[in-house]
Amino acid sequence: MLKIDNLQVDLGVDAGLVRAIDGLRLSIERGETFALVGESGCGKSMTALALMRLLPENGWVAGGDIHIGQGRDAVDVLGLPESQMRGVRGGRIGMIFQEPATSLNPVMKIGRQIVEAIEAHTPLRGAAARAKAIDWLARAGIPEPERRIDEYPFRMSGGQKQRVMIAIALSAEPDFLIADEPTTALDVTIQAQILDLLRDLQREQRMGMLLITHDLAVVSGMAHRVALMYAGQIIEVAPADEFFAAPRHPYARALLRALPGTHRRDSPLEAIAGTVPALTQAFTGCRFAPRCGQAMAVCAGTVPALESVSPRHDVRCLLYSGGARPAAPVHVPAGSATACAPRGERPAGPLLDVQGLRVRFPIRGGLMQRVKGHFDAVDGVSFQVGHGETLALVGESGCGKTTTGKAIVQLLRRQAAIEGRALLQGRDLFEMQGTELLAARRQVQIIFQDPFASLNPHMRVSDILDEGLAALQPDLTGADRLARIERLTDQVGLRRDALGRYPHEFSGGQRQRIAIARALAVQPQLIICDEPTSALDVSVQAQILNLLRELQRELGVSLLFITHNIGVVEYIADRVAVMRAGRIEEQGACEDVLERPTREYTRTLLAAVPRLQVA
Ligand code: SF4
């Protein structure tokens with residue numbers, strides 16, 4: 001259905017010419033799901049954009065061919081005039097993007113948006129096109145499609161919007177579908193439904209599908225074949241079961257070992273040192289060599305080619321050139337088979353005791369924005385966090401986990417009415433004033449999901465780290481503060497010269513290290529970590545989780561870890577509390593909740609989590 005041959009895509013940037021895709025070759029058959037995986041910036045989304053001829057303004061195809069279809073039906077995508085390409089885009093190739101909210105037109109009824117696609121790419125018009133749109137909404141799992149076809153996107157949930165996107169993409173019955181991170185923005189239960197739907201529709205339509213994602217567990221449940229990209233090139237391509245059972249390339253093996261879960265709980269995750277190389281350079285050796293644990297002298301001076309190690313399994317690595325060498329399987333258990341192990345002795349009694357926490361936001365309306373009612377985002381939540389313990393707060397988006405964290409660190413005092421108690425070593429945080437409150441603020445710190453948004457872009461790292469110290473520990477001299485800041489940069493694994501730089505000069509993982517250093521600067525007893533790794537790649541996530549566990553062991557800090565990633569919970573948490581609609585459904589020791597859940601909701605949530613399916 002699709003054949004890409006030696007594709008090269010260049011981007012013009014300030015630093016020069018970036019070769020974003022370098023010699024990409026792949027072919028996808030009818031009815032096949034082919035997954036393109038890799039960490040951010042490796043070129044997977046750029047491949048999809050090149051396929052649709054939707055490259056950014058500073059990008060162009062510098063070489064190669066893309067063909068869709070076979071025989072007389074075959075189309076040379078790169079050679080078509082733009083007027084004909086419009087028929088291919090959305091007609092023969094459908095596309096689903098990551099963020100359904102921004103992909104739909106907010107001022108157009110959903111029915112109109114589907115009918116537009118049908119009329120542009122099929123002979124159906126008017127009432128027939130509308131009937132077809134209703135049919136597609138029903139097939140995409142939208143309830144009452146006859147009524148809902150006349151609704152605007154804002155009336156739909158995230159999952160429903162993604163279903164509408166799928167209906168639009170498939171309504172022209174394309175030969176081929178590109179799904180670019182189609183479920184990344186969705187909760188796990190909705191993700192499971194959307195993936196099931198895509199699988200069923202693909203089987204029915206016999207489409208070829210290019211699935212682009214960074215989530216290896218999703219790939220293992222969906223794909224027939226997998227290609228792993230690194231620095232603009234495919235470095236391994238294999239049938240999915242073979243790839244997950246015995247990956248060959250050192251990078252593929254390292255990625256699988258970096259995944260968190262119970263099976264890794266008693267040891268640090270194997271993080272991949274270093275970063276992806278800049279693509280502005282001409283490579284004279286293997287692109288992965290500076291990070292490769294198996295690099296040989298020859299790797300620095302020889303560019304490896306993509307070579308077959310077995311039928312349908314190709315690897316770009318000099319370890320395998322001149323004769324296939326078998327690789328030992330990477331052991332990645334499919335489920336949470338091992339019980340979560342307790343870690344070490346800790347002082348008795350809770351450090352934080354939250355009792356009946358209720359956070360009530362006003363609902364405003366009308367010209368004067370008067371209060372018309374209230375909404376309980378958190379509705380009577382109670383839990384405890386022990387000394388040196390990690391409590392994971394899990395649940396789907398909007399369940400109140402972040403609001404709970406923000407309420408404890410007093411970030412919602414002005415916006416919401418807060419009831420209940422949050423006792424820090426027996427003293428109620430919500431009743432504290434003046435110096436007592438200042439001291440308590442020092443003891444409870446928060447790390448946010450997006451490290452970039454939470455760091456002041458106009459301040460140097462040294463000032464960012466010094467700001468909290470100066471405010472919360474005014475008794476320290478400038479020299480004491482500098483000494484502590486330097487120690488902190490060592491602790492979180494940043495170089496000392498980072499202190500003189502600004503946040504934009506760092507990668508996402510480094511910025512999260514700065515945020516962790518800022519939280520640690522005032523020597524807190526409790527850190528609330530709000531999805532600290534969800535914006536990061538697997539290898540960087542491993543570094544941050546290792547760092548948090550190390551710091552916990554060294555300094556004895558307690559963590560309230562807010563996340564929706566069950567693999568992370570299995571790896572880091574001692575206890576788990578499951579939240580739903582502002583309440584705690586179930587809480588207990590990690591192994592009890594995850595292995596023997598008592599509530600139906602917990603069971604549904606855990607069943608929806610994609611797991612690596614290893615043969
Ligand atoms: Fe590692 Fe060498 Fe293989 Fe590159 S070619 S992945 S450096 S062993």
Side-chain angles (χ1 to χ4, degrees), residues 6-8 18-26 35-44 46-47 214 216 219-220 225-259 268-332 507 509 537-543 546 612 614:
N6 201 22
L7 180 68
Q8 316 227 345
V18 169
R19 174 130 301 177
I21 301 174
D22 193 2
L24 186 120
R25 275 195 179 87
L26 60 86
L36 209 49
V37 300
E39 301 191 279
S40 36
C42 67
K44 26 185 220 311
M46 207 54 80
T47 304
H214 66 280
L216 294 171
V219 172
S220 77
R225 277 194 303 146
V226 182
L228 175 64
M229 286 191 79
Y230 183 78
Q233 292 187 320
I234 287 180
I235 56 168
E236 180 156 1
V237 55
D241 47 358
E242 209 172 310
F243 178 83
F244 288 110
R248 304 296 180 99
H249 196 284
Y251 176 62
R253 300 169 64 75
L255 264 190
L256 289 186
R257 285 196 300 258
L259 290 173
L269 295 171
E270 289 191 37
I272 308 171
T275 49
V276 181
L279 300 181
T280 41
Q281 59 191 299
F283 292 94
T284 53
C286 171
R287 296 170 186 213
F288 188 58
R291 307 174 75 188
C292 180
Q294 292 171 266
M296 307 166 284
V298 64
C299 302
T302 311
V303 176
L306 197 60
E307 293 183 77
S308 288
V309 290
S310 65
R312 289 165 64 83
H313 193 156
D314 301 343
V315 182
R316 191 186 292 277
C317 171
L318 297 170
L319 282 174
Y320 304 96
S321 61
R325 179 198 289 200
V330 175
H331 182 59
V332 184
S507 68
D537 284 322
V538 173
S539 63
V540 184
Q541 169 175 277
Q543 293 170 11
N546 283 345
L612 263 191
V614 183

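In what follows, residues are counted from 1 in the order of the sequence shown. Order of appearance sets the numbers: ligands from 1, and atoms from 1 within every ligand.
Near H249, the atoms of ligand 1 lying under 4.0 angstrom from a non-hydrogen atom of the residue are 6 (S). Of all atoms in ligand 1, listed by their number and element, those nearer than 4.0 Å to a heavy atom of A295 are 7 (S).
Atom 5 (S) of ligand 1 has its closest protein heavy atom at L318 N, 3.2 Å. Atom 2 (Fe) of ligand 1 has C299 SG, 2.3 Å as its closest protein atom, hydrogens excluded (heavy atom only). In this structure, atom 3 (Fe) of ligand 1 lies nearest to the protein heavy atom C317 SG, 2.3 Å.
Looking at M229 and L24, their side chains come closer than 4.5 Å, going by heavy atoms from C-beta outward. Looking only at side-chain heavy atoms (C-beta outward), L306 and I234 come within less than 4.5 Å of each other. The shortest side-chain heavy-atom distance between E307 and Y320 does not fall under the 4.5 Å cut-off.
None of the N, O or S atoms belonging to C286 lies under 2.8 Å away from atom 3 (Fe) of ligand 1.
The proximity of A289 to ligand 1, defined as any non-hydrogen pair under 4.0 Å, involves the side chain as well as the backbone. Contact annotation for C292 and ligand 1: only side-chain heavy atoms (C-beta onward) come within less than 4.0 Å of the ligand.
To the nearest 0.5 Å, atom SG of residue C299 and atom CZ of residue F288 are 11.0 Å apart. Note that NZ of K44 is 8.5 Å distant from CD of E39, once rounded to the nearest 0.5 Å.
Contact check on R287 versus D22 returns a salt bridge, with a Lys/Arg side-chain nitrogen under 4.0 Å from an Asp/Glu carboxylate oxygen.
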